[in-house]
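Note sheet for the following structure.
We name chains A, B, ... by the order of the sequence lines, and we start the count at 1 in each one. Side-chain atoms are counted along with the backbone in the values below, which use heavy atoms only and exclude waters and symmetry mates.
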Protein chains: 2
Amino acid sequence: MSDDDTPAMRLVHLLRAVTVELHLRGAEFAARSGLHPTDLRALIRLLDADRAGEVVTPGRLGEALRLNSAGTTALLDRLERLGLVRRSRDERDRRRILLVVEPKAVELGWSFFGPLIGGLVDAAQEFTPGELDVVRRYLTAALDAADPVGKGG
Amino acid sequence: MSDDDTPAMRLVHLLRAVTVELHLRGAEFAARSGLHPTDLRALIRLLDADRAGEVVTPGRLGEALRLNSAGTTALLDRLERLGLVRRSRDERDRRRILLVVEPKAVELGWSFFGPLIGGLVDAAQEFTPGELDVVRRYLTAALDAADPVGKGG
DNA sequence: ACCGATTATCTCGTTCGGCGAGAGAATAGT
DNA sequence: ACTATTCTCTCGCCGAACGAGATAATCGGT
């Protein structure tokens with residue numbers, strides 16, 4: 001966007017290149033697995049929640065993915081048909097559906113993220129703990145810059 | 001994915017959070033501008049090429065976006081209708097169309113990337129040149145890890 | 001205990017982005 | 001000139017996502 005070739009701008013372009021690359025990887029993986037891009041985003045969200053022990057309902061999932069209720073239902077139909085997730089009535093509030101992640105989804109997630117994470121962890125081996133902390137500080141600052149409102153907003 | 005709470009894994013999660021955030025920003029901007037996500041990706045590609053002085057044809061654009069020819073034609077119809085791009089016959093090889101980026105597209109690009117880049121550059125102010133170089137090395141390594149094949153094929 | 005308001009999910013009908021197949025136009029090789 | 005190749009566009013279709021509204025369960029006030 002700018003012809004500036006400052007260190008800061010180089011990082012901006014690098015960061016963008018990384019996001020583009022990860023996006024492409026995701027799209028390729030989704031296509032190979034018979035998933036739509038949205039399905040992969042949903043899978044990621046569900047696995048994150050599962051890992052954090054959060055309970056996810058269709059409403060919350062749709063909100064996270066910016067889908068309306070009709071789209072969310074269709075999405076869950078697809079994921080359920082693929083055996084990646086299961087709908088389970090909440091017995092405490094019987095209006096709600098709790099989404100249960102099936103083992104198959106965890107396996108699928110690992111088959112995608114495993115190699116990627118492995119590569120990134122290997123890459124980190126080349127750096128000292130102090131250097132990794134510098135990177136952490138930068139990425140944290142970049143996250144704030146990209147998300148002015150903040151997660152709490 | 002892993003419960004490991006090592007510095008390397010923290011960076012993985014941070015990097016993912018940044019990409020997710022940038023992705024969301026893009027989707028919001030696209031919706032506000034009456035663009036589809038694909039249209040924004042196309043705009044980015046076209047502006048990059050414009051900046052680099054590259055010549056882009058529908059075929060090349062479709063290849064970059066992983067669209068087939070029919071989808072590419074529809075995409076260009078949308079962008080042309082919005083006045084962001086213009087089709088121009090290549091007089092040397094009259095089978096080809098050269099895509100010309102209109103000033104409106106450059107303005108639109110800046111209105112999206114400008115604030116984002118500004119925030120990222122500001123964030124970089126807090127770091128010494130040596131620290132920024134550490135980040136550059138890490139992101140370069142991460143890019144390689146995400147793209148094992150490499151840009152060169 | 002009842003009734004309206006609220007919340008959560010699903011159904012129906014529609015829109016439109018993207019795909020596959022193939023047509024049309026220009027170029028390159030023999 | 002003839003054929004193969006390259007580049008773009010047209011046509012018909014599929015399906016993801018939307019808007020509107022139906023259905024079902026819970027909550028609050030009386």
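- Of all nucleotides listed (C:dC10, C:dT27, C:dG22), C:dT27 comes nearest to the side chain of B:Arg94.
- For B:Asp93 and D:dT5, the CG to P distance is 17 Å, given to the nearest whole Å.
- Residue contacts for B:Arg89: at a heavy-atom cut-off of 4.0 Å it reaches no nucleic acid atom on any strand shown.
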Item to complete: Report the C-alpha separation of A:Glu28 and B:Arg66 in whole Å, then their side-chain angles, then the decisive distance to 0.1 Å, and conclude whether the side-chain contact (heavy atoms from CB on, under 4.5 Å) test is met.
Response: CA-CA 10 Å; A:Glu28 282 170 18; B:Arg66 307 283 203 272; 3.5 Å; yes
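- Between the CG atom of B:Asp39 and the P atom of C:dG18 there is a distance of 7 Å, rounded to whole Å.
- The phosphate of D:dA17 has OP1 or OP2 within less than 4.0 Å of a side-chain N or O from A:Thr38.
- Contacts of A:Arg60 with the nucleic acid, taken as non-hydrogen atoms under 4.0 Å apart, are absent.
- OP1 or OP2 of D:dA16 has at least one side-chain nitrogen or oxygen of A:Arg78 nearer than 4.0 Å.
- Rounded to whole Å, atom P of C:dG18 lies 12 Å from atom CG of B:Asp77.
- Positionally, the nearest nucleotide of DNA chain D for A:Arg41 lies more toward the 5' end than for the other of A:Arg41 and A:Ser69.
- The side chain of B:Thr73 sits closest to D:dC9 out of C:dT11, D:dC9, D:dA16.
- No donor-acceptor contact under 3.5 Å links the side chain of A:Arg95 to the base of C:dT9.
- Protein atom CG of B:Asp90 is 9 Å distant from nucleotide atom P of D:dT8, rounded to whole Å.
- As rounded to whole Å, 19 Å separates atom P of D:dT6 from atom CD1 of B:Ile97.
- For B:His36 and D:dC18, the NE2 to C1' distance is 12 Å, given to the nearest whole Å.
- Below the 3.5 angstrom threshold, one finds a donor paired with an acceptor across the side chain of B:Asn68 and the base of C:dG20.
- Interatomic distance, CG of A:Asp5 versus NE2 of A:His13, reported as 8.0 Å (0.5 Å rounding).
- In this structure, CG on A:Leu82 lies 9.5 Å from OG on A:Ser33, to the nearest 0.5 angstrom.
- A:Met9 and B:Leu120 fall within the same hydrophobic cluster, defined by Ile, Leu, Val, Met, Phe, Trp and Tyr side-chain heavy atoms under 4.5 Å apart, directly or through other members.
- We find that CG of A:Leu65 is positioned 14 Å from P of D:dA16, with the value rounded to whole Å.
- Among the atoms of the strands shown, only primed sugar atoms or phosphate atoms (P, OP1, OP2) are found under 4.0 Å from some heavy atom of B:Arg87.
- The aromatic rings of B:Tyr138 and A:Phe127 stand perpendicular to each other, their planes meeting at an angle above 60°, with 30° marking the opposite boundary.
- Side-chain proximity of A:Ala70 to the nucleotides D:dT8, D:dA20, C:dG18 is greatest for D:dA20.
- Protein atom CG of B:Leu61 is 11 Å distant from nucleotide atom P of C:dG18, rounded to whole Å.
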